[in-house]
Amino acid sequence: VSLVQGRIRRQHSAILVADDDAAVRELLEHKFRAAGCKVVSAADGAQAWKMLQDQEFALAILDRMMPGYDGMTLLLMMRKTEKLASTPVVFLTARHYGADVLDGLNTGAADYIVKPFDPDEVVARCVRLLDRKEA
């Protein structure tokens, strides 16, 4: 698959970024749009849950710690909901202890990225997941 074909496919893939830090949301929105993705963001877990139910996302990036529902609760709710059960989830969080990482991965997260993060690395990891999902 050429880079252009991948970019065109990604334009039809919406990504949800759920984080209570506005700067993180804005940075990731900018980076994902530059990579050719549609991005929708939520400031808390309750808003993210409503968005997940109202529209289809190719991938969800969730903060582990945010008001409303935390990322782990959202992941568990998604896995129990038929239309969301297979949506890849990437945790982006300050919770960096080994137990937290293993907990996230063992609960079904596709990836786990610790803050502070390199936004280009986040985009690269997520695009890789999207490309693998489409293959």
Side-chain angles (χ1 to χ4, degrees):
V1 177
S2 76
L3 291 174
V4 172
Q5 286 173 316
R7 191 179 174 100
I8 290 169
R9 268 208 321 264
R10 284 194 295 277
Q11 288 176 345
H12 304 291
S13 303
I15 294 173
L16 173 65
V17 174
D19 197 304
D20 56 341
D21 184 333
V24 169
R25 290 193 311 272
E26 289 168 21
L27 176 62
L28 290 178
E29 282 174 29
H30 172 75
K31 289 291 186 177
F32 276 106
R33 286 195 180 111
C37 299
K38 282 190 298 198
V39 187
V40 178
S41 64
D44 63 51
Q47 187 183 15
W49 180 240
K50 181 167 181 7
M51 290 174 169
L52 283 162
Q53 292 175 305
D54 291 347
Q55 70 186 94
E56 199 172 314
F57 293 98
L59 181 92
I61 300 172
L62 307 177
D63 187 359
R64 286 274 313 251
M65 299 178 288
M66 59 185 163
Y69 303 114
D70 64 28
M72 186 63 84
T73 302
L74 275 173
L75 174 59
L76 292 167
M77 290 163 55
M78 288 172 71
R79 293 300 175 250
K80 291 177 185 157
T81 306
E82 189 177 341
K83 79 175 190 111
L84 301 172
S86 64
T87 302
V89 169
V90 173
F91 280 128
L92 182 66
T93 178
R95 294 186 67 161
H96 63 280
Y97 295 104
D100 292 322
V101 176
L102 288 173
D103 199 24
L105 295 173
N106 288 334
T107 304
D111 206 346
Y112 196 106
I113 302 168
V114 175
K115 295 177 183 175
F117 60 90
D118 175 341
D120 294 318
E121 179 186 343
V122 173
V123 170
R125 286 179 179 220
C126 291
V127 165
R128 188 176 51 97
L129 286 170
L130 290 174
D131 289 348
R132 188 182 302 151
K133 187 181 177 196
E134 307 229 342

Next on the checklist: R25: which residues meet the side chain to side chain donor-acceptor pair (under 3.5 Å) condition with it, sequence neighbours left out?
Outcome noted: none

Checklist entry - If every non-hydrogen atom of C37 is compared with every non-hydrogen atom of L130, which pair is closest and at what distance? => result SG-CD1, 4.5 Å

Item to check | Counterpart residues, side chain to side chain donor-acceptor pair (under 3.5 Å), relative to D120 (two or more places apart) | outcome: K31

Checklist entry - Excluding sequence neighbours, so at least two apart, what forms side chain to side chain donor-acceptor pair (under 3.5 Å) with D111? => result R125

Checklist entry - According to the ring pair (Phe, Tyr, Trp, His ring centres under 6.0 Å) rule, which pairs have a member within residues 87-113, sequence neighbours left out? => result F91-Y112

Item to check | Contacts of type side-chain contact (heavy atoms from CB on, under 4.5 Å), residue N106, not counting sequence neighbours | outcome: L102

Item to check | Shortest non-hydrogen separation from A94 to M65 and the atoms involved | outcome: CB-CE, 4.0 Å

Checklist entry - So, the side chain of K83 versus the backbone of Q53: is there a donor-acceptor pair under 3.5 Å, distance only? => result yes

Checklist entry - Which residues satisfy the side-chain contact (heavy atoms from CB on, under 4.5 Å) test with E82, sequence neighbours excluded? => result none

Item to check | Shortest non-hydrogen separation from A60 to L52 and the atoms involved | outcome: CB-CD2, 4.5 Å

Item to check | By salt bridge (Lys or Arg N to Asp or Glu O under 4.0 Å) - contacts of D100 (at least two apart) | outcome: R95

Item to check | Nearest heavy atoms of K115 and L92, plus distance in Å | outcome: CE-O, 3.6 Å

Checklist entry - Which heavy atom in A48 sits nearest to a heavy atom in A18, and how many Å separate them? => result CB-CB, 3.7 Å

Checklist entry - With sequence neighbours excluded, what pairs up with T107 under the side chain to side chain donor-acceptor pair (under 3.5 Å) test? => result none

Checklist entry - Taking all non-hydrogen atoms of both residues, which atom of T87 and which atom of F57 are closest, and how far apart? => result CG2-O, 3.7 Å

Checklist entry - For D54, what residues pass the salt bridge (Lys or Arg N to Asp or Glu O under 4.0 Å) criterion, not counting sequence neighbours? => result K50

